[in-house]
Amino acid sequence: MDVNTLAVALISTGGVLGGTLGGAMLSQRASRAQAAELNQRADREREEGRAEQALLAKRDLYAHLNTAARAYRVAARDAVEAAARGESTDPLLLDAAKEAWAEQYSQAQMALANDVLQIASALNRSLGVGYSAVKQLPRSPRPDEAYQRAKTWFSGPLSDGVYLLRVMLRHDLGIEVDPHFEQTRVQMLAALNSARDSLAHALATERSQAT
């Protein structure tokens, strides 16, 4: 074999080997790129799954919190109306509603955003003042006035407070969107706090007069 033939043979062999190696390298790169894409897709799916689970948990928490607030208000209102009619009521019903709310509120405190927590905290204090109003009814020196005051509280300011919490929760979940809600929220919260402070003052005055 002469030199030229040998050179051609070597070049041909090198070309085949180079092509084979180059093809293998391209195949490896493609495999790595495909694996990376699959990993990224899996990461996105896991993140989406976690976000969906978090949203479902949040909705569940909000639903229980809203239900507990409504049940507490209704139980207290019913107790006042029954007492005003001279009917006996089971105090355990109101206490059970109070405990159910306290449990849900305690759990929610660890998960609520600041603006939502502000509403829930105001409502929690308002429910507590309402509970005191119910318990204080039998000892009131002016029963008719006390019953009317309690009725007004549970059907007016506190009812609005429970409504405000529900709307706030729906806004936080993105279910209800109102561009003017922030202004409404501030006004309703201020009204609730003012009415609660007024009721608390009236109850404190009544207690001091009864002693």
So which heavy atom on [X] is nearest to which on [Y], and how close?
{"X": "L61", "Y": "A111", "result": "CD2-CB, 3.7 Å"}
{"X": "L169", "Y": "V116", "result": "CD2-CG1, 3.6 Å"}
{"X": "K135", "Y": "R139", "result": "O-NH1, 3.4 Å"}
{"X": "A122", "Y": "N193", "result": "CB-OD1, 3.6 Å"}

Atom pair [atom1] ([X]) and [atom2] ([Y]), whose distance is rounded to the nearest 0.5 Å:
{"X": "L189", "Y": "S121", "atom1": "CG", "atom2": "OG", "result": "10.0 Å"}
{"X": "L112", "Y": "L165", "atom1": "CG", "atom2": "CG", "result": "8.5 Å"}
{"X": "R59", "Y": "I175", "atom1": "CZ", "atom2": "CD1", "result": "5.5 Å"}
{"X": "T184", "Y": "M168", "atom1": "OG1", "atom2": "CE", "result": "11.5 Å"}
{"X": "I119", "Y": "N114", "atom1": "CD1", "atom2": "CG", "result": "12.0 Å"}
{"X": "R170", "Y": "D178", "atom1": "CZ", "atom2": "CG", "result": "12.0 Å"}

TODO: Enumerate the residue pairs fulfilling ring pair (Phe, Tyr, Trp, His ring centres under 6.0 Å) with a member in residues 105-138, sequence neighbours excluded, ordered by first and then second residue.
DONE: W101-Y105

TODO: Would you please name every residue forming a salt bridge (Lys or Arg N to Asp or Glu O under 4.0 Å) with E99, sequence neighbours left out?
DONE: none

- [ ] Report the residues that fulfil salt bridge (Lys or Arg N to Asp or Glu O under 4.0 Å) with R70, sequence neighbours left out, ordered by chain and then residue number.
- [x] none

Determine whether [X] and [Y] make a side-chain contact, defined as any pair of heavy atoms from C-beta on separated by less than 4.5 Å.
{"X": "Y62", "Y": "R166", "value": "no"}
{"X": "M188", "Y": "Y163", "value": "yes"}
{"X": "V134", "Y": "L94", "value": "yes"}
{"X": "H64", "Y": "T67", "value": "no"}

Open item on the list: For Q148, give me all partners under side chain to side chain donor-acceptor pair (under 3.5 Å), at least two apart in sequence or on another chain.
Closed with: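 If we apply the side chain to side chain donor-acceptor pair (under 3.5 Å) test to Q148, skipping adjacent residues, the hits are T152.
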
- [ ] Please name all residues satisfying ring pair (Phe, Tyr, Trp, His ring centres under 6.0 Å) with F181, sequence neighbours left out, ordered by chain then number.
- [x] H171

- [ ] Can you spot which of E206, R207, Q209 makes a side chain to side chain donor-acceptor pair (under 3.5 Å) with S140?
- [x] E206

- [ ] Output yes when a side-chain donor or acceptor of Q136 lies under 3.5 Å from a complementary backbone atom of L203, and no otherwise.
- [x] yes

TODO: Could you tell me whether a side-chain N or O of T205 sits under 3.5 Å from a main-chain N or O of H201, the two making a donor and an acceptor?
DONE: yes

TODO: Please indicate whether Q183 has more than 12 foreign heavy atoms, meaning atoms of other residues, nucleotides or ligands, lying under 6.0 Å from its CD.
DONE: no

Solution key, residues 154-161 side-chain donor-acceptor pairs under 3.5 Å, sequence neighbours excluded:
from: S155; atom 1: OG; to: K151; atom 2: O; distance (Å): 2.8

Open item on the list: Checking R77 against V74 for the side-chain contact (heavy atoms from CB on, under 4.5 Å) test, could you report, in this order, the C-alpha distance in whole Å, the side-chain angles of both residues, the deciding distance, and whether it holds?
Closed with: CA-CA 5 Å; R77 182 204 62 191; V74 170; 3.6 Å; yes

- [ ] Decide, yes or no, whether a salt bridge links D172 with K58 under the criterion of side-chain N to carboxylate O below 4.0 Å.
- [x] yes

